[in-house]
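Before I ask anything, here is the structure I am working with.
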Amino acid sequence: MVLLGTIIFNDYSIYFFISLIDWVSLYITTGIFGIILNSYFFGGFFIPLLFESIKFLTFILFITILKWFYFTRLESLPIKTTFWKKIMGIVVTDLNGNTISFGRANRRYFAKKISLITLLIGFIMAAFTKKKQGLHDRIAGTLVVKKKP
């Protein structure tokens, strides 16, 4: 299937590498924010174990919300992609090549968790489907496509 001005993306090694860079850069960013927030709110003083646990759980919650917002919001904007995927010309669209809605981006994001818990079979299946869709893309009704230069 070829969409106007795009081709279905099927080089999984590049996609995996770009996704890895996306995740690593996101964790670095949240780590920097975490250090800044820790210094601001807790002043770097010794804090009893209970407060250390609360601080850790707050940081995990912050990372989780930031990851969710980063992927769902950027994929549902007219740019259709995250920062590193944009550099490579890879975008996420609906089955007609249009920008996906925020709801559909949420479906795709949470369906990736299903692809993960199936021992990555949800991701691997993209190599064997006609439209090169992983389980999460099939659930959300999305395609990962590369813009023609």
Side-chain angles (χ1 to χ4, degrees), residues 1-42 44 52-53 55-149:
M1 173 182 195
V2 177
L3 300 172
L4 185 61
T6 59
I7 56 172
I8 290 181
F9 188 75
N10 62 6
D11 191 342
Y12 302 105
S13 59
I14 291 174
Y15 185 71
F16 174 77
F17 182 70
I18 293 168
S19 295
L20 186 64
I21 291 172
D22 252 341
W23 283 97
V24 168
S25 62
L26 187 60
Y27 276 107
I28 289 171
T29 303
T30 54
I32 291 169
F33 281 131
I35 291 168
I36 292 168
L37 290 174
N38 181 36
S39 297
Y40 181 75
F41 287 112
F42 298 106
E52 283 294 324
S53 299
K55 203 166 69 168
F56 177 74
L57 291 174
T58 303
F59 183 65
I60 295 298
L61 181 64
F62 176 71
I63 288 174
T64 303
I65 291 170
L66 190 60
K67 276 190 321 187
W68 162 77
F69 189 74
Y70 174 75
F71 287 101
T72 56
R73 187 62 187 143
L74 287 180
E75 289 176 355
S76 64
L77 287 174
I79 62 171
K80 304 178 189 177
T81 189
T82 61
F83 178 74
W84 291 102
K85 289 180 188 122
K86 182 165 182 66
I87 290 173
M88 297 302 291
I90 300 169
V91 296
V92 178
T93 68
D94 68 5
L95 298 176
N96 298 317
N98 301 316
T99 303
I100 62 175
S101 67
F102 187 66
R104 188 171 289 203
N106 274 297
R107 245 179 298 161
R108 184 173 191 270
Y109 179 81
F110 289 110
K112 282 183 184 179
K113 306 307 181 206
I114 297 170
S115 292
L116 283 171
I117 63 174
T118 59
L119 303 175
L120 303 180
I121 292 172
F123 293 107
I124 295 168
M125 71 181 273
F128 304 103
T129 61
K130 182 180 177 184
K131 295 179 183 178
K132 304 298 181 192
Q133 292 174 292
L135 179 62
H136 53 284
D137 288 318
R138 292 188 75 144
I139 290 171
T142 58
L143 292 172
V144 177
V145 296
K146 183 167 178 64
K147 292 182 182 180
K148 288 184 179 177

K85 and S19: which non-hydrogen atoms are nearest, and at how many Å?
CE-OG, 3.9 Å

Walk me through it: do F123 and L116 pass the test side-chain contact (heavy atoms from CB on, under 4.5 Å)?
CA-CA 8 Å; F123 293 107; L116 283 171; 3.7 Å; yes

Over all heavy atoms of both residues, which pair between T129 and R138 is shortest? Give the atoms and the distance, please.
CG2-NH1, 3.7 Å

Can you confirm whether or not the ring centre of F71 sits under 6.0 Å from the ring centre of W23?
yes

May I ask you to decide if M88's main-chain N or O and K146's side chain share a donor-acceptor pair within less than 3.5 Å?
yes

Assess whether side-chain contact (heavy atoms from CB on, under 4.5 Å) is satisfied between F83 and I87, documenting all intermediate values.
CA-CA 7 Å; F83 178 74; I87 290 173; 3.7 Å; yes

How long is the span from the CD1 atom in I100 to the CG atom in N106, to the nearest 0.5 Å?
9.0 Å

Spatial distance of atom CG (N98) from atom OG1 (T93) [nearest 0.5 Å]:
7.5 Å

S76 and T72: which non-hydrogen atoms are nearest, and at how many Å?
OG-O, 2.9 Å

So for atom CZ, which belongs to F102, do other residues, nucleotides or ligands contribute more than 12 heavy atoms lying within a distance under 6.0 Å?
yes

Taking C-beta and beyond as the side chain, do Y70 and L74 meet within less than 4.5 Å on heavy atoms?
yes

Any donor and acceptor pair, going by atom type alone, linking the side chain of K86 with main-chain N or O of V91 inside 3.5 Å?
no

Considering all heavy atoms, the nearest S115-H136 contact:
OG-ND1, 3.2 Å

CD1 on I63 to OG1 on T29, rounded to 0.5 Å:
10.5 Å

Determine, step by step, whether R108 and I139 satisfy the side-chain contact (heavy atoms from CB on, under 4.5 Å) criterion, reporting the C-alpha distance in whole Å, the side-chain angles of both residues, the deciding distance to 0.1 Å, and the verdict.
CA-CA 7 Å; R108 184 173 191 270; I139 290 171; over 6 Å; no

Working to the nearest 0.5 Å, report the span between CG of D22 and OG1 of T81.
7.5 Å

Only one of T82, T142, T99 clears side-chain contact (heavy atoms from CB on, under 4.5 Å) with V92; which?
T142

For the residue pair Q133 and L95, what are the closest heavy atoms and their distance?
NE2-CD2, 3.6 Å

Apply side-chain contact (heavy atoms from CB on, under 4.5 Å) to the pair I90 and W84, showing each step before the final yes or no.
CA-CA 9 Å; I90 300 169; W84 291 102; over 6 Å; no

